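All of these numbers come straight from a predicted model, not from anything done at the bench. Letters A, B, ... mirror the listed sequences (proteins, then strands); counts begin at 1.
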Amino acid sequence: MSKRDLLLEIGLEEMPARFVTSSIQQLAEKMQAWLQDKKINFDDVQTFSTPRRLAVLIQGVSEAQEDLHEEAKGPAKKIALTENGEWSKAAIGFTRGQGMTVEDIYFKEINGIEYAHVQKFIKGSKTADILPEIKDIVTHLTFPKNMRWADQDLRYIRPIKWLIALFGSDVVPFEIANVSTGKITYGHRFLGDRVEISSPEHYATELLRQYVMVNAKERKEAIVSQLKKIEEENKWSIPVDEDLLEEVTNLVEYPTALFGRFEEEFLELPEEVLITSMKEHQRYFPVKSQDGKLLPYFVTVRNGNDEHIETVARGNEKVLRARLADAAFFYKEDQRMDINKALAKLETIVYHEEIGTLAEKGQRVRKLTNQLADLMNFPDQDKKAADRAAEICKFDLVTNMVYEFPELQGFMGEKYALQKGEEPAVAKAINEHYMPRNAEDSTAGSEAGAALAIADKLDSIVSTFAIGKIPSGSQDPYALRRQATGIVQTLISMDWDIHLEKLINLAVELVENAGFSKLENNELKDELITFFKLRVKHVLQERGIRYDLIDATLGSELHSVPSLVRKADILNLKKEEEGFKESMEALSRVLNISSKAEGAKKVETDLFENEYEHNLYNKYLEVKTTISNGVTEEDYYRLLLSMKEDINAYFDHTMVMAEDEKLKNNRLSFMASLADMIKSFANVREILVK
Amino acid sequence: MMNIQNMILTLQKHWSDQGCILMQAYDVEKGAGTMSPYTFLRAIGPEPWNVAYVEPSRRPADGRYGENPNRLYQHHQFQVIMKPSPDNIQELYLDSLRALGINPLEHDIRFVEDNWENPSLGCAGLGWEVWLDGMEITQFTYFQQVGGLECKPVSVEITYGIERLASYIQDKENVFDLEWTDGFTVRDIFLQPEYEHSKYTFETSDTDMLFNLFTIYEKEAHRQMEEGLVHPAYDYVLKCSHAFNLLDAKGAISVTERTGYIGRCRNLARKVAKTFYEEREKLGFPILMAKEENSHE
């Protein structure tokens, strides 16, 4: 069957760069889904996007839908035929309903009963006739932020300026918000012109002639190679931040990279300040020397060609200079600041309307940090550092610099604290207490920093839960999940064996005392434990641990996270070993039978009837003693395994559920004690063994 | 090299040619051209409205005693409102830059996403900041909501930062060096008031009096609204807002109270917006009627 190419282009006023990529993916997916749904065959899909257009080119689209042969089932034979063998009214009605006649009926058996059937043939429509339906695809695209314009009702990412819908060289007619489809597209805003696309395959080349690199991937590659060239010519190193590159790609239609410089004196500003000014505010790429030192240059990508490029460079230099001069002014102002005065200001800054001020939060965090330091038996100097860091960790929030550059919180705190003569450990902890700042960031490395990071995050989570703002589904506006994950990761990397539930309880107590909680103490704790279990699970999954092993080690109570990880790691490692299955089965037998017990009461050895009972009991006592003296998770695991033979022998020779109540209860009590010992390693019943 | 006076004349001519009414600045203190009743009130309702004016805008917190090369207690905005937003509004805007001698082919002009919100007036819009070689020179906004009311049709607002743009056109690093007209710089005209207003804002203003004024203005706004007098009521809303800005700049308002004061302004603004709509509706939306009659002739 013959085929044609299909082109759809939505011309828009400049879209937000951050939504371009997801929008074009959505358009391509919806177009393909529509074609598949309509049973229209096609070969290949290409996507194009710039700030001003989303376009899909579908190659080799069939001229028509596939024809359909469909079997329709009618009444049973005895209903379709009257007693004298003529077609019944039911049969006639059925065929009429299908647009056919009784001549077409044949019978087919289904579950022993014959039914009337007809073969329907549905001729596929011409693609060209149904293509106008793609209008709905265009209007039904969803965007994170929509707007209206002029007197249109449509809500869209930005106003629609033009539409191309071409099937071969024919326009697919439809209209959206007063814009009709046609063959006309527009080139670069200043360098290009309007141009007619005579047929889809010319789309990209025609636009390139009008200074639009319409293929986003090629445009990105062009930027990268331009950066490379500048790098080589000047012997620089230009670290390419993938997010920035993506954003810049979606800010321009015809990229030309260029560089500018700024005064060397600004290099005295903290590097983070310079980089933030360039990257976040101006979308510039910072420039480094080959040995990694920041240089007084920047690279920007112009939307246009290289004509008058020096004017553009000068303009950008001027802007950056003004920004850096501002930053330098703030930096100088901040030098005059006094930490105590800054802290006093925190009393007037609201952390959250229902939770209270930053100063109040700070006091809770300080208490929690100290409790944590005690739990972990920090040496005195770490305790002191943690306490001081907790006392002052939010002071930089009232500096000029953080007011202007909120993303520099913590970084500035560290810098300024050092300048004000704080201990290096204190300064470092101030910076580290925000870590991990994102999924890629590492966790706090110092004792004081880690304690403070955990305390601060935990307080945020508990306080927010306490006012009833509990994350659900995609709703997590305060990024509490990320913070909880941060706590779990910090505990793991510090290898801190803290009983997590106890730690949560401490934080809950502080929040309860603050008096703003809307939840009952127990309800709050339950919510938090459920929440943290999921976070721990998530972190273990990220480590590549099998889900059943996670469920087994997670158990009912949240103990030490590092210990959990070690247990899960051990099981993960040993699961392929010979005998693993048998060992787990033996241990599981104990857990299974113990579920019938009413708890681990005192075991009377006098009531034992055979040597296997004594053997296992003695073994149990021996293992228990070893464990209570403190063992590693690995030793615990080995000790449990060492009981396998005795357990099996016990079950082979002992009827736990004896008729005699006394014997039975005694045995169940023993099983319960043994089960407790096994479960405090892992609930082995959760483990899937092949 | 174009001085500020000629820039303003050029922009006025350009937008006048597009059918905008040239208005003068509104005579009550305000933080931005958006707060002028020529924007805030007229963006409400179905009546068409095309207007351009210069608005001196007071930002007490930005006062720097005339010492900072980029920040001013009072700067100037050139404000354009077109309702409904014309289809070729971006082109019209770019033409205005050309009229100012900015040839897009010699620069890098971009429309960078910027969503605008003014919580104390219950306004929100979507659009861009326009970058000229990396410098933000214009706010370009499609109003979606004004005074808490959905905009239908949508107005487009174009706000040029005059000093910003002039510093580019005249290639000056310091705002006070900008030439206003032959023989007069911004320094000559504005340095003394910049210094004095900064000193007033941060040092000598009477905080108690400002708190009192806020309450008095607020009360009067409510009272006038009850009389159905939208414009006098709105003047007092603007006065509330300015008193608040002065208090805020002085650090007299804690963050907790801040939310409360903004909420009070927003309530007033919403009430004014709603009353304005109702009053225009009672009059039968006269500008819309006139336009429809014209188009039938």
Side-chain angles (χ1 to χ4, degrees), chain A residues 13-19 51-52 145-153 157-159 161 178-179 189-191 251-252 256 258 260 281-284 300-305 307-309 311-323 325-326 329 345 347-350 353 356-358, chain B residues 46 48 64 67-71 82-91 94 103-115 125-128 130-136 140-144 150-156 164 167-168 171-174 251 253-259:
Chain A
E13 293 183 359
E14 280 79 352
M15 279 175 277
R18 60 198 168 120
F19 301 145
R52 296 174 71 208
K145 269 186 188 293
N146 293 298
M147 59 168 283
R148 288 177 299 108
W149 63 95
D151 38 23
Q152 300 299 327
D153 290 316
I157 186 164
R158 283 294 181 269
K161 305 313 290 181
N178 260 347
V179 179
R189 215 176 239 301
F190 309 116
L191 296 165
L251 275 172
V252 299
T256 300
L258 60 119
H281 296 171
Q282 296 297 137
R283 279 78 157 185
Y284 297 160
T300 184
V301 179
R302 176 200 200 178
N303 182 25
N305 60 12
E307 302 268 320
H308 299 278
I309 200 109
T311 313
V312 178
R314 245 191 309 123
N316 279 286
E317 286 172 354
K318 187 178 150 75
V319 179
L320 185 61
R321 193 179 303 129
R323 277 203 185 278
D326 249 9
F329 171 78
K345 281 195 193 166
E347 283 164 23
T348 66
I349 297 185
V350 172
E353 273 179 49
T357 64
L358 275 174
Chain B
R64 291 289 184 274
E67 288 167 8
N68 185 296
N70 298 306
R71 295 205 187 211
M82 298 191 91
K83 179 171 75 168
S85 60
D87 286 340
N88 60 343
I89 186 65
Q90 283 182 308
E91 278 309 313
L94 292 168
N103 176 359
L105 289 173
E106 296 174 10
H107 297 278
D108 184 22
I109 295 175
R110 295 197 221 161
F111 291 83
V112 179
E113 179 196 14
D114 190 40
N115 302 323
L126 265 69
W128 311 276
V130 182
W131 284 16
L132 172 66
D133 299 336
M135 178 188 284
E136 180 198 338
F140 200 122
T141 308
Y142 289 96
F143 283 166
Q144 304 294 302
E150 281 295 306
C151 296
K152 181 87 208 268
V154 167
S155 306
V156 62
R164 270 287 179 86
S167 77
Y168 195 96
D171 196 15
K172 293 276 162 59
E173 300 282 340
N174 187 329
I253 296 181
S254 76
V255 181
T256 334
E257 295 168 313
R258 207 168 179 275
T259 325

Value rounded to 0.5 Å, distance of NZ in A:Lys145 from CZ in A:Phe19: 7.0 Å

Contacting moiety of A:Val252, where chain B heavy atoms sit under 4.5 Å: side chain

Closest-packed option against chain A by number of heavy-atom pairs under 4.5 Å, given B:Met135, B:Lys83, B:Glu136: B:Met135

Backbone N/O of B:Glu91 and side chain of B:Asn88: donor-acceptor pair under 3.5 Å: no

Backbone N/O of A:Gly260 and side chain of A:Arg314: donor-acceptor pair under 3.5 Å: no

Side-chain donor/acceptor of B:Asn115 to backbone N/O of B:Leu126, under 3.5 Å: no

Closest-packed option against chain B by number of heavy-atom pairs under 4.5 Å, given A:Gln152, A:Arg323, A:Arg321: A:Arg321

Contacting region of A:Lys345 [heavy-atom separation from chain B under 4.5 Å]: neither

Contact leader toward chain A among B:Gly134, B:Ser167, B:Gly125, B:Pro46, where contacts are heavy-atom pairs under 4.5 Å: B:Gly134

Choice from B:Pro86, B:Gly127, B:Ser155 maximising heavy atom contacts with chain A below 4.5 Å: B:Gly127

Chain B interface, residue from A:Asn316, A:Asp151, A:Leu251 that has the most non-hydrogen pairs under 4.5 Å: A:Asn316

Largest heavy-atom contact set with chain A, pairs under 4.5 Å, which of B:Phe111, B:Phe143, B:Tyr168: B:Phe111

Trace of the salt bridge (Lys or Arg N to Asp or Glu O under 4.0 Å) decision for A:Arg148 with B:Glu150: CA-CA 10 Å; A:Arg148 288 177 299 108; B:Glu150 281 295 306; 3.0 Å; yes

Winner by heavy-atom pair count (cut-off under 4.5 Å) against chain B, out of A:Ala17, A:Gly304, A:Ala322: A:Ala322

Chain B contact via A:Asp326 - side chain, backbone, both or neither, heavy atoms under 4.5 Å: side chain

Those residues that, when tested against A:His281, pass ring pair (Phe, Tyr, Trp, His ring centres under 6.0 Å) (two or more places apart): A:Phe405

Portion of A:Thr300 that has a non-hydrogen atom of chain B nearer than 4.5 angstrom: side chain

Residue among A:Arg189, A:Lys161, A:Arg158 satisfying salt bridge (charged side-chain N to carboxylate O under 4.0 Å, His left out) with A:Glu14: A:Arg189

From CD (A:Glu307) to CG (B:Leu105), nearest 0.5 Å: 8.5 Å

A:Arg302 backbone acceptor or donor facing A:Thr256 side chain under 3.5 Å: no

Between B:Ser85, B:Pro84, B:Pro69, the one whose heavy-atom pairs under 4.5 Å with chain A are most numerous: B:Ser85

Among the listed options B:Asp171, B:Asp114, B:Leu132, B:Leu94, the residue most often paired with chain A at heavy-atom distances under 4.5 Å: B:Leu94

Gap between atom NE2 of A:His308 and atom CG of B:Asn103 - 0.5 Å precision: 7.0 Å

Contact class of B:Asn70 relative to chain A, heavy atoms under 4.5 angstrom: side chain

Under 4.5 Å from any heavy atom of chain B - which part of A:Arg18: side chain

A:Glu317 portion near chain B, given a 4.5 angstrom heavy-atom threshold: neither

